[in-house]
Amino acid sequence: QKEVEQNSGPLSVPEGAIASLNCTYSDRVSQSFFWYRQYSGKSPELIMSIYSNGDKEDGRFTAQLNKASQYVSLLIRDSQPSDSATYLCAVPHYPNTDKLIFGTGTRLQVFP
Amino acid sequence: EAGVAQSPRYKIIEKRQSVAFWCNPISGHATLYWYQQILGQGPKLLIQFQNNGVVDDSQLPKDRFSAERLKGVDSTLKIQPAKLEDSAVYLCASSLVGFSAGHTYEQYFGPGTRLTVT
(Lines give C-alpha, C1' and ligand atoms only; values in the text may rest on other atoms or scores of the structure.)
Protein backbone atom coordinates (compact mmCIF):
# COMPACT_ATOMS: atom_id res chain seq x y z
CA GLN A 1 0.00 0.00 0.00
CA LYS A 2 1.32 3.43 -0.92
CA GLU A 3 1.83 5.84 1.95
CA VAL A 4 -0.34 8.51 0.34
CA GLU A 5 -2.92 7.63 -2.29
CA GLN A 6 -4.86 9.87 -4.60
CA ASN A 7 -6.99 9.21 -7.64
CA SER A 8 -4.98 10.55 -10.58
CA GLY A 9 -8.11 11.71 -12.41
CA PRO A 10 -8.78 13.74 -14.38
CA LEU A 11 -11.72 14.93 -12.36
CA SER A 12 -13.91 17.03 -14.61
CA VAL A 13 -16.48 19.39 -13.10
CA PRO A 14 -18.54 22.21 -14.60
CA GLU A 15 -17.88 25.79 -13.63
CA GLY A 16 -19.73 26.68 -10.42
CA ALA A 17 -19.87 23.10 -9.14
CA ILE A 18 -18.19 21.64 -6.06
CA ALA A 19 -15.02 19.68 -6.75
CA SER A 20 -14.18 16.97 -4.23
CA LEU A 21 -10.62 15.68 -4.05
CA ASN A 22 -9.71 12.75 -1.84
CA CYS A 23 -6.57 11.41 -0.21
CA THR A 24 -5.91 8.39 1.98
CA TYR A 25 -2.76 7.77 4.00
CA SER A 26 -1.30 4.73 5.70
CA ASP A 27 0.49 6.09 8.78
CA ARG A 28 -1.98 6.28 11.67
CA VAL A 29 0.22 8.61 13.71
CA SER A 30 0.18 11.39 11.12
CA GLN A 31 -0.87 14.70 12.67
CA SER A 32 -0.46 17.26 9.90
CA PHE A 33 -1.87 17.28 6.39
CA PHE A 34 -1.28 19.61 3.49
CA TRP A 35 -2.87 20.34 0.15
CA TYR A 36 -0.81 21.86 -2.64
CA ARG A 37 -2.00 23.12 -6.00
CA GLN A 38 0.31 22.72 -8.98
CA TYR A 39 -0.38 24.35 -12.31
CA SER A 40 1.16 22.74 -15.35
CA GLY A 41 4.83 23.70 -15.58
CA LYS A 42 4.81 25.43 -12.21
CA SER A 43 5.90 24.49 -8.70
CA PRO A 44 3.54 23.34 -5.92
CA GLU A 45 1.73 26.09 -4.06
CA LEU A 46 0.45 25.50 -0.52
CA ILE A 47 -3.28 26.14 -0.31
CA MET A 48 -4.42 24.39 2.87
CA SER A 49 -3.04 22.79 6.00
CA ILE A 50 -5.12 20.89 8.55
CA TYR A 51 -4.13 19.40 11.87
CA SER A 52 -7.38 18.49 13.66
CA ASN A 53 -10.29 16.25 12.85
CA GLY A 54 -13.16 18.04 11.20
CA ASP A 55 -13.39 20.82 8.66
CA LYS A 56 -11.21 23.83 7.98
CA GLU A 57 -12.48 26.50 5.63
CA ASP A 58 -10.50 29.14 3.75
CA GLY A 59 -12.46 31.04 1.15
CA ARG A 60 -13.76 28.60 -1.44
CA PHE A 61 -11.59 25.80 -0.07
CA THR A 62 -12.56 23.38 2.70
CA ALA A 63 -10.25 20.68 4.00
CA GLN A 64 -11.83 17.75 5.82
CA LEU A 65 -9.88 15.39 8.04
CA ASN A 66 -10.95 12.04 9.48
CA LYS A 67 -8.02 10.49 11.32
CA ALA A 68 -9.95 7.36 12.28
CA SER A 69 -10.54 6.60 8.61
CA GLN A 70 -7.11 7.96 7.58
CA TYR A 71 -8.77 10.17 5.05
CA VAL A 72 -8.34 13.81 4.12
CA SER A 73 -10.27 15.64 1.44
CA LEU A 74 -10.35 19.02 -0.24
CA LEU A 75 -13.57 20.62 -1.41
CA ILE A 76 -13.53 23.51 -3.85
CA ARG A 77 -16.81 25.39 -3.96
CA ASP A 78 -17.92 27.45 -6.96
CA SER A 79 -15.18 25.89 -9.09
CA GLN A 80 -13.62 28.17 -11.68
CA PRO A 81 -11.64 27.32 -14.83
CA SER A 82 -8.64 28.89 -13.05
CA ASP A 83 -8.86 26.06 -10.49
CA SER A 84 -7.84 23.61 -13.21
CA ALA A 85 -4.58 22.15 -11.91
CA THR A 86 -3.13 19.11 -10.18
CA TYR A 87 -3.83 18.93 -6.46
CA LEU A 88 -1.22 17.20 -4.32
CA CYS A 89 -1.87 15.75 -0.88
CA ALA A 90 1.14 15.63 1.48
CA VAL A 91 1.55 13.85 4.80
CA PRO A 92 4.55 13.80 7.16
CA HIS A 93 6.59 10.60 7.30
CA TYR A 94 7.30 9.52 10.84
CA PRO A 95 9.71 9.58 12.61
CA ASN A 96 11.06 12.46 10.48
CA THR A 97 7.94 14.57 10.57
CA ASP A 98 9.46 17.28 8.40
CA LYS A 99 9.68 14.78 5.56
CA LEU A 100 6.53 15.16 3.51
CA ILE A 101 5.31 12.23 1.46
CA PHE A 102 3.33 13.39 -1.54
CA GLY A 103 0.63 11.60 -3.42
CA THR A 104 0.80 11.51 -7.20
CA GLY A 105 -1.86 14.21 -7.36
CA THR A 106 -5.35 14.50 -8.81
CA ARG A 107 -5.77 16.49 -11.99
CA LEU A 108 -8.82 18.73 -11.86
CA GLN A 109 -10.43 20.14 -14.96
CA VAL A 110 -13.12 22.80 -14.61
CA PHE A 111 -14.97 23.41 -17.84
CA PRO A 112 -17.06 26.51 -18.63
CA GLU B 1 8.10 38.85 1.65
CA ALA B 2 10.28 37.35 -1.04
CA GLY B 3 9.74 33.68 -1.80
CA VAL B 4 12.20 30.87 -2.33
CA ALA B 5 14.59 31.68 -5.17
CA GLN B 6 16.17 29.10 -7.44
CA SER B 7 18.49 29.18 -10.41
CA PRO B 8 18.83 28.28 -13.14
CA ARG B 9 15.22 27.74 -14.20
CA TYR B 10 16.14 25.38 -17.02
CA LYS B 11 19.18 23.28 -17.80
CA ILE B 12 19.95 20.85 -20.60
CA ILE B 13 23.05 18.69 -20.31
CA GLU B 14 24.38 15.49 -21.78
CA LYS B 15 24.65 12.33 -19.72
CA ARG B 16 27.83 12.05 -17.69
CA GLN B 17 28.13 15.83 -17.44
CA SER B 18 27.79 17.66 -14.14
CA VAL B 19 25.27 20.29 -13.10
CA ALA B 20 24.62 22.45 -10.06
CA PHE B 21 21.48 24.11 -8.77
CA TRP B 22 21.24 27.02 -6.35
CA CYS B 23 18.57 27.86 -3.80
CA ASN B 24 17.97 30.83 -1.51
CA PRO B 25 15.21 30.14 1.05
CA ILE B 26 12.69 32.55 2.50
CA SER B 27 14.44 34.90 4.90
CA GLY B 28 14.51 33.49 8.41
CA HIS B 29 13.58 29.96 7.42
CA ALA B 30 15.82 27.50 9.21
CA THR B 31 14.87 24.37 7.32
CA LEU B 32 15.63 23.82 3.65
CA TYR B 33 14.59 20.90 1.46
CA TRP B 34 15.54 19.65 -1.98
CA TYR B 35 12.91 17.59 -3.80
CA GLN B 36 12.96 15.79 -7.11
CA GLN B 37 9.75 15.70 -9.12
CA ILE B 38 9.55 13.35 -12.07
CA LEU B 39 6.79 14.01 -14.58
CA GLY B 40 3.48 12.57 -13.38
CA GLN B 41 4.66 12.01 -9.82
CA GLY B 42 4.60 13.93 -6.57
CA PRO B 43 7.80 15.53 -5.27
CA LYS B 44 10.23 13.20 -3.53
CA LEU B 45 12.51 14.49 -0.76
CA LEU B 46 16.20 14.19 -1.56
CA ILE B 47 17.76 16.02 1.36
CA GLN B 48 16.72 18.18 4.30
CA PHE B 49 18.88 20.73 6.13
CA GLN B 50 18.20 22.25 9.52
CA ASN B 51 20.35 25.39 9.50
CA ASN B 52 23.56 24.00 7.97
CA GLY B 53 23.23 20.43 9.26
CA VAL B 54 21.78 17.50 7.34
CA VAL B 55 18.65 16.03 8.94
CA ASP B 56 17.64 13.49 6.30
CA ASP B 57 19.43 12.41 3.13
CA SER B 58 18.14 8.85 3.03
CA GLN B 59 16.84 9.16 -0.53
CA LEU B 60 19.78 11.07 -1.97
CA PRO B 61 21.79 8.96 -4.48
CA LYS B 62 25.06 9.76 -2.80
CA ASP B 63 27.22 8.21 -5.51
CA ARG B 64 26.26 11.05 -7.82
CA PHE B 65 24.33 13.68 -5.87
CA SER B 66 25.74 16.04 -3.28
CA ALA B 67 24.36 19.06 -1.47
CA GLU B 68 25.59 21.65 0.93
CA ARG B 69 24.18 24.56 2.86
CA LEU B 70 26.96 26.81 3.95
CA LYS B 71 26.27 29.37 6.68
CA GLY B 72 22.75 28.02 7.06
CA VAL B 73 21.25 30.10 4.24
CA ASP B 74 21.86 29.36 0.55
CA SER B 75 22.19 25.81 -0.68
CA THR B 76 23.53 24.06 -3.75
CA LEU B 77 22.63 20.66 -5.13
CA LYS B 78 25.06 18.99 -7.52
CA ILE B 79 24.78 16.00 -9.81
CA GLN B 80 27.95 14.41 -11.13
CA PRO B 81 27.80 12.49 -13.42
CA ALA B 82 24.23 12.92 -14.63
CA LYS B 83 22.16 10.02 -15.93
CA LEU B 84 19.16 10.06 -18.24
CA GLU B 85 16.87 9.16 -15.33
CA ASP B 86 17.89 12.37 -13.53
CA SER B 87 15.68 14.32 -15.93
CA ALA B 88 13.19 15.95 -13.60
CA VAL B 89 12.26 19.18 -11.89
CA TYR B 90 14.38 19.94 -8.84
CA LEU B 91 12.45 21.87 -6.26
CA CYS B 92 13.79 23.72 -3.29
CA ALA B 93 11.48 24.40 -0.35
CA SER B 94 11.87 26.03 3.02
CA SER B 95 10.01 26.17 6.30
CA LEU B 96 10.31 28.38 9.33
CA VAL B 97 11.44 25.52 11.53
CA GLY B 98 11.12 21.80 11.37
CA PHE B 99 8.79 19.68 13.43
CA SER B 100 8.03 21.22 16.78
CA ALA B 101 5.58 20.36 19.56
CA GLY B 102 3.56 17.97 17.43
CA HIS B 103 3.28 20.40 14.54
CA THR B 104 4.82 20.08 11.11
CA TYR B 105 5.41 23.53 9.69
CA GLU B 106 4.29 24.50 6.22
CA GLN B 107 6.82 24.17 3.43
CA TYR B 108 6.98 26.71 0.63
CA PHE B 109 8.42 25.85 -2.76
CA GLY B 110 10.57 27.80 -5.15
CA PRO B 111 9.92 27.86 -8.92
CA GLY B 112 12.11 24.81 -9.55
CA THR B 113 14.82 23.92 -12.04
CA ARG B 114 13.80 21.77 -14.97
CA LEU B 115 16.71 19.47 -15.87
CA THR B 116 16.84 17.59 -19.13
CA VAL B 117 19.60 15.02 -19.55
CA THR B 118 20.17 13.90 -23.15
Side-chain angles (χ1 to χ4, degrees), chain A residues 2-10 21 23-27 29-53 56 58 61 63 65 67 72 85-107, chain B residues 3-7 9-10 21 23 25-26 29-51 53-60 88-114 116:
Chain A
K2 290 183 181 178
E3 291 191 61
V4 180
E5 295 205 54
Q6 297 181 257
N7 187 317
S8 61
L21 305 161
C23 172
T24 57
Y25 59 93
S26 60
D27 193 337
V29 302
S30 296
Q31 298 292 320
S32 309
F33 306 86
F34 304 93
W35 283 100
Y36 286 83
R37 176 176 63 198
Q38 187 170 29
Y39 292 112
S40 180
K42 301 295 185 182
S43 63
E45 173 192 10
L46 180 67
I47 54 172
M48 288 288 282
S49 57
I50 185 166
Y51 306 101
S52 305
N53 271 332
K56 178 182 177 183
D58 184 359
F61 298 100
L65 175 60
K67 291 183 181 179
V72 57
T86 296
Y87 290 80
L88 297 162
C89 173
V91 180
H93 175 80
Y94 285 73
N96 177 8
T97 51
D98 300 334
K99 179 177 180 178
L100 292 182
I101 304 298
F102 284 82
T104 54
T106 298
R107 188 157 64 95
Chain B
V4 177
Q6 289 188 248
S7 67
R9 294 295 308 279
Y10 306 92
F21 312 126
C23 173
I26 293 172
H29 279 197
T31 309
L32 183 148
Y33 312 81
W34 283 102
Y35 286 87
Q36 179 192 59
Q37 187 174 25
I38 293 172
L39 189 64
Q41 299 180 19
K44 181 184 80 172
L45 181 69
L46 293 176
I47 189 168
Q48 173 193 346
F49 293 94
Q50 178 82 16
N51 296 308
V54 175
V55 175
D56 188 327
D57 63 358
S58 58
Q59 296 191 93
L60 186 73
V89 176
Y90 290 85
L91 296 161
C92 180
S94 70
S95 64
L96 189 60
V97 293
F99 179 79
S100 175
H103 180 96
T104 297
Y105 282 79
E106 291 86 353
Q107 297 180 21
Y108 299 92
F109 285 87
T113 297
R114 183 175 300 276
T116 302

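Since the model is a prediction, treat every value here as computed from it, not as a measurement. Throughout, a chain's letter reflects where its sequence line sits, starting with A, and its residues are numbered from 1.
By the ring pair (Phe, Tyr, Trp, His ring centres under 6.0 Å) test, B/Y35 is found to be paired with A/F102, B/F109, residues two or more places apart in sequence or in another chain being considered.
Summarising the geometry, atom OH belonging to B/Y108 is positioned 7.5 Å from atom OH belonging to A/Y36; distances are rounded to the nearest 0.5 Å. To the nearest 0.5 Å, atoms CG (A/L46) and OG (B/S95) are separated by 11.0 Å.
Applying the salt bridge (Lys or Arg N to Asp or Glu O under 4.0 Å) test to residues at least two apart or on different chains, none of the pairs has a partner in residues 29-48 of chain B.
Residue A/Q6: no heavy atom, backbone or side chain, is found under 4.5 Å from chain B. Residue B/Q6: no heavy atom, backbone or side chain, is found under 4.5 Å from chain A. The parts of B/Q107 that come within reach of chain A are both its backbone and its side chain, each placing non-hydrogen atoms under 4.5 angstrom from that chain.
In this structure the side chain of B/S58 reaches within 4.5 angstrom of the side chain of A/K99, judged on heavy atoms.
The candidate with the highest count of non-hydrogen atom pairs below 4.5 Å against chain B, out of A/G105, A/S8, A/S49, is A/S49.
Taking all atoms of both residues into account, the shortest heavy-atom contact from B/R114 to A/G41 is NH2-CA, 3.9 Å. Across all their heavy atoms, B/P43 and A/L88 have their closest contact at CD-CD1, 4.0 Å.
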